[in-house]
Q: 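First the structure, then my questions, so here it is.
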Amino acid sequence: MDYIDTLNEPQREGVLNTEGPCMLIAGAGSGKTRVLTYRIAHLIQSKGVDPFNIMALTFTNKAAREMRERIEKVIGPEARNLWMGTFHSVFARVLRAEAHHLGYPSNFTIYDTDDSKSLLRSIVKEMQLDDNVYKPNVLYNRISSAKNKLIGWQEYLANPELMGDDAANMRPEIGKIYRTYSLRCFKSGAMDFDDLLFNTDKLFREHLEVLNKYQHRITYVLVDEFQDTNLCQYNIIRKLASVRENVCVVGDDAQSIYAFRGADISNILNFERDYPDLKIIKLEQNYRSTQNIVQAANSVIKKNKAQLPKNVWTANEEGNLIELIKAVSDNEEGRLVASSIFEEKMQHQLKFSDFAVLYRTNSQSRAIEESLRRLNVKYKVVGGLSFYQRKEIKDILAYLRYTLNQQDEASFRRIINLPKRGIGDSTVDKIVVAANDHGTAIWDILQNPSPFVGGRAAAPIEDFVAMIKRFRLETERKDAYDCAFEIAKGSGLLRELYEDKTVEGLSRYENVQELLNAIKEFVDDKEREDKSLGSFLQEVSLLTSNDEDKDKDPDKVTLMTIHMAKGLEFKYVYIVGMEEDLFPSQMMLSSRAELEEERRLFYVAITRAEKRLFLSYAITRYRFGRLKNCEPSRFLEDIDSGFLRMSNKVGGGYQSTPSHSSGNSSYAKTLVSGIKKTITSKPVAPKPSAPAAYTPPADFVPSNTANLQEGMKVEHPKFGFGMVIQLDTSSPDRKARIQFDNFGEKTLLLSFAKLKIHN
DNA sequence: TGCACGTAACTTTTT
DNA sequence: GTTACGTGCA
């Protein structure tokens with residue numbers, strides 16, 4: 001029971017107060033994951049609750065995995081039996097078991113966003129609507145938010161307000177598209193991400209005996225990141241917990257950043273209303289950050305009107321002031337951030353993994369990446385295109401999915417002519433139209449296509465059908481790996497990729513091999529009972545880009561969006577792109593609520609930092625392919641200026657001209673209020689404690705390095721003097737290992753490094 | 001039907 | 001700076 005002693009008073013209460021409804025309002029860095037894990041451990045160890053009876057819901061696979069690992073450390077392998085996972089994965093499992101109640105096959109396909117959007121695209125085409133007006137993105141979001149609010153297509157069509165909105169927006173057909181989309185998904189035996197929740201709610205609503213079963217099986221419900229739940233999720237939680245009412249939710253309204261996809265903070269307020277006996281516990285002590293960071297964050301969030309009162313504080317050291325870096329361009333911003341990371345790492349003997357660069361949009365990563373590469377700083381970009389979203393992977397997966405479920409229209413469209421077998425768009429359209437006209441399945445048309453398609457396509461269709469039937473036989477006999485291998489080979493996809501000897505072709509082939517390895521790993525997992533292809537696909541559909549973190553080298557700077565950073569912490573954090581229209585995003589300025597969400601996003605970003613926080617902005621930036629002038633973000637003025645100072649890193653390429661200054665915070669104050677007016681604000685001198693960085697002479701002119709030889713003396717604008725100890729000219733990227741007098745040994749790319757040769 | 005090329009449109013966040 | 005789509009030709 002020793003772990004209880006390590007907790008503060010409210011934390012302990014959060015762990016021990018297990019019975020009845022309970023809400024933990026957990027400030028940033030207040031140790032909520034600790035409370036959740038100990039609470040579960042306590043339930044099992046001290047209260048004797050069977051892990052099978054506990055359901056713990058998170059929003060990301062990563063959070064679920066981490067929590068499971070932490071619980072396992074406390075209570076051992078029994079933790080494996082917990083119902084722990086994301087909302088989507090846990091209820092996908094439930095639906096898989098209960099699908100027949102809803103008329104779905106138990107091996108239903110899960111459509112990802114791309115699948116959904118392409119289905120929507122073809123529906124719009126069939127309905128002969130203008131695809132410039134009915135864009136897949138718009139439709140997807142509209143339908144998604146309806147489902148999140150438990151509005152099915154029937155309710156949508158019957159809702160005068162929604163229909164009126166659509167009419168006013170010149171998109172009166174959305175309701176009908178929603179209907180067609182839902183019916184087509186159903187016919188395809190497919191659910192999109194939102195359906196996993198929407199249909200769970202439907203299942204519990206329409207089949208009380210099923211609900212009852214789960215209500216009695218699950219005696220304790222825990223929900224992480226409660227502020228991110230939408231109405232649909234909230235309903236599911238309530239229904240599950242309505243018998244025992246042992247429901248514990250943990251959240252922080254100040255960190256609600258997913259309203260755009262249906263998260264509803266009012267769930268926090270409704271929770272109090274729905275459970276009058278609710279026990280509310282506030283975790284307000286921050287263990288993560290310095291006083292300066294905590295207070296700066298508080299000063300920002302204070303500007304929001306909508307929030308629950310709380311007082312986040314810390315007993316940690318005061319720490320450094322937050323530094324503001326100003327750059328003339330996005331590229332220079334990258335350079336300044338990269339060189340700052342480099343220098344801080346050197347000066348304080350940190351690891352690359354102590355640093356994170358956070359941005360509002362993924363597209364901002366490129367400039368940062370370039371600069372980090374030039375300084376040989378190792379980094380990883382989190383997010384972006386996931387492995388499972390690559391074309392070659394989706395192609396194989398579509399084959400696997402179609403083999404299991406011939407009703408799946410999205411997969412059908414993807415593979416029917418892949419590799420090319422002479423079944424073109426016109427034939428596919430004819431088949432789909434025929435199926436819809438006759439109310440039959442596409443698969444049925446394929447078995448007997450002659451009345452509907454041209455004679456030329458008949459033979460390849462027959463081959464296709466035979467091939468799929470062959471694959472289907474495999475799935476009945478073999479495990480996921482053997483099936484997948486046979487299908488990859490039998491479809492011709494593997495051969496086609498193998499024959500492509502271009503660089504991209506090679507990497508695509510390797511990716512497919514990697515997919516097959518992943519399936520092999522899945523099959524070889526001893527803990528796993530269900531090794532079928534269907535079970536693999538189910539799991540894979542719910543993976544995202546940040547679930548692939550099997551990086552061999554963990555010591556890297558992390559680059560990611562602020563959204564992805566929620567729940568993480570780093571010693572040093574750089575928030576880049578602090579500019580109007582970028583952060584806050586121009587798309588979020590139409591209402592106060594949206595602006596407040598952006599501000600909460602800023603709050604989340606600030607509170608990721610443990611020791612030091614840097615904010616940067618650029619005066620010009622390439623956006624939409626053209627150079628744009630930028631203004632500093634209004635959020636900079638939200639920070640109490642006493643916590644802020646101008647960095648000594650200044651723009652203008654590499655030459656820095658440190659000038660005299662007072663270096664106190666009143667100066668910072670003038671700086672901040674003057675940010676908007678002045679283009680050239682004076683930098684504050686570096687802290688006396690910091691060793692002075694090498695300052696190159698103003699007339700630094702790099703030499704041509706074509707004739708660089710080992711043993712030569714060189715000067716670098718950042719690292720000063722050094723000697724070339726090794727040259728690598730084996731690849732087009734010529735590199736030199738240089739022993740610098742004051743900065744140690746570096747390997748520099750000659751095409752980037754500015755070196756002056758001294759003879 | 002398939003391929004190659006040019007053009008346009010788009011970049012908020014994610015299970 | 002990217003990708004997806006449309007057009008025109010074989």
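Quick note on labels: first sequence line is chain A, next is B, and so on, each numbered from 1. Being a predicted model, the structure only gives us computed values, none of them experimental.
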Q: State which of B/dT11, B/dT12, B/dT15 makes the closest approach to the side chain of A/Met588.
A: B/dT12

Q: Compare the minimum distances between each of B/dG2, B/dT13, C/dG1 and the side chain of A/His563, then state the nucleotide with the smallest one.
A: B/dT13

Q: Looking for any heavy atom pair under 4.0 Å, which part of the strands does A/Ser89 touch: base, sugar-phosphate only, or nothing?
A: nothing

Q: Would you classify A/Asn137 as touching base, sugar-phosphate or nothing, given that sugar-phosphate means primed atoms plus P, OP1 and OP2, and contacts are heavy atoms under 4.0 Å?
A: sugar-phosphate

Q: Output the rounded distance in Å from CG (A/Leu95) to P (B/dT15).
A: 19 Å

Q: In this structure, how many angstroms lie between the C1' atom of B/dT15 and the NZ atom of A/Lys117, rounded?
A: 13 Å

Q: For a quick test of reading the model: is some side-chain N or O of A/Ser541 closer than 4.0 Å to OP1 or OP2 of B/dT15?
A: no

Q: Residues in ring pair (Phe, Tyr, Trp, His ring centres under 6.0 Å) with A/Tyr104, at least two apart?
A: A/Phe186

Q: How many whole angstroms separate atom CZ of A/Arg621 from atom P of B/dT11?
A: 18 Å

Q: State whether the distance check finds a donor on one side and an acceptor on the other, under 3.5 Å, for side chain A/Arg261 versus base B/dT13.
A: no

Q: Just wondering, do A/Phe260 and B/dT13 stack (centres under 5.5 Å, planes under 30°)?
A: yes

Q: Between atom CD in A/Gln233 and atom C1' in B/dT14, what is the gap in whole Å?
A: 12 Å

Q: Using a 4.0 Å heavy-atom cut-off, does A/Lys135 contact any base of the nucleic acid, only the sugar-phosphate backbone, or nothing at all?
A: sugar-phosphate

Q: Taking for each residue the nucleotide of DNA chain B bearing the nearest heavy atom, is the 5' side occupied by A/Ser585 or by A/Lys430?
A: A/Lys430

Q: Give the rounded distance in Å between these two atoms: CD1 of A/Ile575 and P of B/dT12.
A: 20 Å

Q: Please work out if A/Thr361 contacts a base, only the sugar-phosphate, or nothing of the nucleic acid, heavy-atom cut-off 4.0 Å.
A: sugar-phosphate

Q: Please classify the nucleic acid contact of A/Phe87 as base, sugar-phosphate, or nothing, using heavy-atom distances under 4.0 Å.
A: nothing

Q: Under 4.0 Å between a side-chain N/O of A/Asn417 and OP1 or OP2 of B/dG2, yes or no?
A: yes

Q: Can A/Arg96 and A/Gln538 be counted as having a side-chain donor-acceptor contact under 3.5 angstrom?
A: yes

Q: Could you tell me whether A/Asp194 contacts a base, only the sugar-phosphate backbone, or nothing, with contacts defined as non-hydrogen atoms closer than 4.0 Å?
A: nothing

Q: Choose from B/dT15, B/dT14, C/dG1 the nucleotide whose nearest atom is closest to any side-chain atom of A/Arg366.
A: C/dG1

Q: Identify which one of A/Lys628, A/Arg634, A/Arg621 satisfies the salt bridge (charged side-chain N to carboxylate O under 4.0 Å, His left out) criterion when paired with A/Glu580.
A: A/Arg634

Q: Tell me whether the rings of A/Phe59 and A/Phe87 are parallel (<30°), tilted (30 to 60°) or perpendicular (>60°).
A: tilted

Q: Considering only the P atoms, how many Å lie between C/dA4 and B/dT13, rounded to the nearest integer?
A: 16 Å

Q: Determine whether A/Asp194 and A/Tyr140 make a side-chain contact, defined as any pair of heavy atoms from C-beta on separated by less than 4.5 Å.
A: yes

Q: Is the phosphate of B/dT12 approached by A/Asn362 (side-chain N or O, under 4.0 Å from OP1 or OP2)?
A: no

Q: Name all residues meeting the ring pair (Phe, Tyr, Trp, His ring centres under 6.0 Å) criterion together with A/Phe536; count only those two or more places apart in sequence or in a different chain, and write none if there are none.
A: A/Phe522

Q: Among C/dC5, B/dT14, B/dT12, which is the nearest nucleotide to the side chain of A/Arg121?
A: C/dC5

Q: Rounded to the Å, how far apart are A/Phe193 CZ and B/dT13 P?
A: 16 Å

Q: Measure CD/A/Glu596 against P/B/dT13 and give the value in whole Å, please.
A: 22 Å

Q: From CG of A/Asp115 over to P of B/dT15, roughly how many Å is that when rounded to an integer?
A: 16 Å

